[in-house]
Protein chains: 2
Amino acid sequence: MSVKERKERERAQRERLIVATARELAEEQGWDAVTTRRLAERIEYSQPVLYSHFRGKREIIGAVAREGAAEMAVAVRAAVAGADGPRDRVAALARAYLDFAERNPAVYDALFDLDGGLAFAQEDTPGELKDAFAALLETLGEVAGDGVHPGLFTETFWASLHGLATLTRARRLPPEDTERRIELLVDRLAVM
Amino acid sequence: MSVKERKERERAQRERLIVATARELAEEQGWDAVTTRRLAERIEYSQPVLYSHFRGKREIIGAVAREGAAEMAVAVRAAVAGADGPRDRVAALARAYLDFAERNPAVYDALFDLDGGLAFAQEDTPGELKDAFAALLETLGEVAGDGVHPGLFTETFWASLHGLATLTRARRLPPEDTERRIELLVDRLAVM
DNA sequence: CTCGATTGTCTAGCGGTGCTAGGATGGAAG
DNA sequence: CTTCCATCCTAGCACCGCTAGACAATCGAG
């Protein structure tokens with residue numbers, strides 16, 4: 001039976017290789033450059049092997065998105081943990097979020113711009129996504145203010161950050177003033 | 001010489017037909033369905049005709065985006081004109097913006113998600129885009145608050161709206177609470 | 001009115017995409 | 001040692017954006 005187990009281990013390892021390579025390629029050259037042919041060549045297997053792990057390209061994007069969500073949750077929680085008081089915590093969260101988006105643009109796209117076939121805000125939403133939202137909620141729920149539902153506040157604050165992240169990266173907003181925009185959001189939206 | 005003029009008129013008309021058809025097709029079936037072949041078939045010309053008007057598909061997207069920006073400016077100004085007092089004006093603007101995004105998803109994508117080859121926030125930015133931003137600035141600049149640059153405030157408020165628009169449409173946010181999120185944004189961000 | 005030049009349009013095709021059917025191959029089981 | 005089965009690859013499908021080159025229609029000169 002250990003032969004079978006070994007094969008399963010190797011298979012799981014190859015799956016991780018596919019996801020890591022797709023992410024790498026996307027960060028290097030953008031998702032448009034992540035074609036099944038190039039991806040197959042990089043992992044040194046033929047195209048059909050990809051389809052024995054994933055239904056198609058969108059599922060590969062989804063896998064990168066889930067991985068990214070888990071990392072983002074870690075990054076946000078780490079940033080918040082190093083800050084004192086509600087205001088600093090919210091500001092640290094906002095900076096960590098935008099920083100993550102800037103440093104991992106392809107992952108951010110996989111999460112929020114592209115179609116990775118993932119459900120959001122539903123029962124069958126992957127755990128990584130639920131947890132990433134929970135990481136935001138932990139800090140933002142504190143500053144929702146009286147009579148405002150913490151979840152609703154978190155959604156709204158998150159949407160604002162998402163807007164800044166995407167518009168800045170798509171060169172719709174000049175990047176120099178990012179810090180000032182963050183301060184504005186934090187000071188006005190959060191109730192301390 | 002009037003023969004030449006007639007031909008130019010017909011050519012301009014055909015260009016408008018291309019843009020209108022691309023927009024129609026995108027609203028019906030999404031931008032993925034807007035292929036040069038399908039578009040050519042709908043306008044009852046062959047593919048290469050498209051390339052005698054536009055450098056490529058991205059320029060067609062850009063043309064739809066410019067058209068959409070002009071319409072959005074009109075919609076926003078109309079909504080604001082029908083409201084009294086700063087708070088109502090800002091709320092009306094926010095609703096009009098999100099309403100436009102919801103009613104014209106393909107146009108909204110052309111403007112802010114896809115690459116239409118347009119410059120933003122620069123000298124060579126198309127007039128329609130500058131004017132759409134101006135329409136936001138006219139109302140939002142009023143409520144930036146002391147010591148906050150009106151342009152910066154407008155960018156930030158706009159980013160928040162954009163975040164709500166995209167996340168809602170991509171099913172990342174449940175749509176039922178949109179109105180409550182708007183109220184939250186307006187009441188907190190704007191200084192009255 | 002005829003004829004060459006120019007303009008406009010089309011057919012056909014290039015290299016690429018995501019995805020899949022079917023045959024070859026190599027290792028486990030009997 | 002042979003049989004069988006899982007695994008993988010070659011080859012190919014239909015489609016994509018885009019373009020070269022053939023063809024037809026129109027224009028201006030003689």
Side-chain angles (χ1 to χ4, degrees), chain A residues 1-19 21-23 25-26 28-65 106 109-110 113-117, chain B residues 1-19 21-23 25-26 28-65 106 109-110 113-117:
Chain A
M1 263 306 128
S2 98
V3 171
K4 197 169 189 174
E5 285 173 12
R6 196 203 67 220
K7 291 214 168 187
E8 279 176 17
R9 267 202 317 275
E10 287 173 354
R11 208 184 137 71
Q13 171 131 11
R14 192 174 62 181
E15 188 158 317
R16 284 193 298 274
L17 175 65
I18 292 173
V19 176
T21 307
R23 175 175 177 170
L25 196 49
E28 278 174 21
Q29 310 179 35
W31 277 105
D32 279 353
V34 184
T35 69
T36 54
R37 278 167 180 71
R38 265 194 281 263
L39 185 50
E41 196 190 3
R42 279 227 187 175
I43 64 170
E44 295 182 312
Y45 283 94
S46 69
Q47 270 180 293
V49 166
L50 301 175
Y51 293 86
S52 77
H53 289 273
F54 301 96
R55 285 176 183 277
K57 191 181 169 180
R58 62 151 50 185
E59 270 197 9
I60 297 177
I61 296 173
V64 172
D109 279 344
D113 279 353
L114 303 177
D115 180 11
Chain B
M1 262 310 125
S2 97
V3 171
K4 197 170 189 175
E5 285 173 13
R6 193 203 69 219
K7 291 215 168 184
E8 278 176 17
R9 266 203 317 274
E10 287 172 354
R11 208 183 136 72
Q13 169 128 18
R14 192 174 63 181
E15 189 158 316
R16 283 193 298 274
L17 176 64
I18 292 173
V19 176
T21 306
R23 175 175 177 171
L25 196 49
E28 278 174 23
Q29 309 179 36
W31 277 105
D32 279 353
V34 184
T35 69
T36 54
R37 280 170 178 76
R38 265 195 279 263
L39 185 49
E41 197 190 2
R42 278 228 187 175
I43 64 168
E44 295 182 312
Y45 283 94
S46 70
Q47 270 181 293
V49 166
L50 301 174
Y51 292 85
S52 75
H53 289 272
F54 301 95
R55 283 175 185 277
K57 192 180 169 180
R58 62 149 54 184
E59 271 199 7
I60 298 177
I61 295 173
V64 172
D109 280 344
D113 280 351
L114 303 177
D115 180 11

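Computed from a predicted model, the values in this text were never measured in an experiment. Letters A, B, ... are given to chains in the order of the sequence lines, protein chains preceding strands, and every chain is numbered from 1.
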For residues 47-61 of chain A, which residue pairs qualify under salt bridge (Lys or Arg N to Asp or Glu O under 4.0 Å), counting only residues two or more places apart or in two chains? A:R55-A:E59, A:R58-A:D115
Is the phosphate of D:dG17, meaning OP1 or OP2, less than 4.0 Å from a side-chain N or O of B:T36?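 Indeed, a polar side-chain atom of B:T36 lies that close.
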Contact summary for A:A63 and A:V19, nearest pair of heavy atoms: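 Smallest heavy-atom distance, with atoms named: CB-CG2, 3.7 Å.
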What are the two closest heavy atoms between A:A22 and A:L39, and how far apart are they?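 In this case the closest contact between A:A22 and A:L39 is N-CD1, 3.6 Å.
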What integer distance in Å separates [X]:[atom1] from [N]:[atom2]?
X	N	atom1	atom2	result
B:R11	C:dT9	CZ	P	8 Å
A:I18	C:dG18	CD1	C1'	15 Å
B:E41	C:dC10	CD	P	13 Å
A:K57	C:dT17	NZ	P	9 Å
B:L50	D:dC18	CG	P	10 Å
A:H53	D:dT7	NE2	P	10 Å
A:D115	C:dG18	CG	P	15 Å
B:E59	D:dC18	CD	P	10 Å

By side chain to side chain donor-acceptor pair (under 3.5 Å), A:T21 pairs with (sequence neighbours left out) none
Could I get the full list of side chain to side chain donor-acceptor pair (under 3.5 Å) partners for B:R11, not counting sequence neighbours?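 If we apply the side chain to side chain donor-acceptor pair (under 3.5 Å) test to B:R11, skipping adjacent residues, there are no hits.
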Detail all sub-3.5 Å separations between protein N/O atoms and N/O atoms belonging to nucleotides 9-15 of chain D.
{"residue": "D:dC9", "atom": "OP2", "partner": "A:S46", "partner atom": "N", "Å": "3.0"}
{"residue": "D:dC9", "atom": "OP2", "partner": "A:S46", "partner atom": "OG", "Å": "2.6"}

Just call it for A:R58: base, sugar-phosphate, or nothing, with non-hydrogen atoms closer than 4.0 Å on any strand. nothing
May I ask you to say what A:R14 touches in the nucleic acid, namely base, sugar-phosphate or nothing, with a heavy-atom cut-off under 4.0 Å? sugar-phosphate
I'd like to check the side-chain contact (heavy atoms from CB on, under 4.5 Å) partners of A:E28; sequence neighbours left out, ordered by chain and number.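 Only A:E24, A:L25, A:R42 meet the side-chain contact (heavy atoms from CB on, under 4.5 Å) criterion with A:E28.
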Taking only residues at least two apart or on different chains, which pairs with a member in residues 29-39 of chain B satisfy side chain to side chain donor-acceptor pair (under 3.5 Å)? B:T36-B:Q47
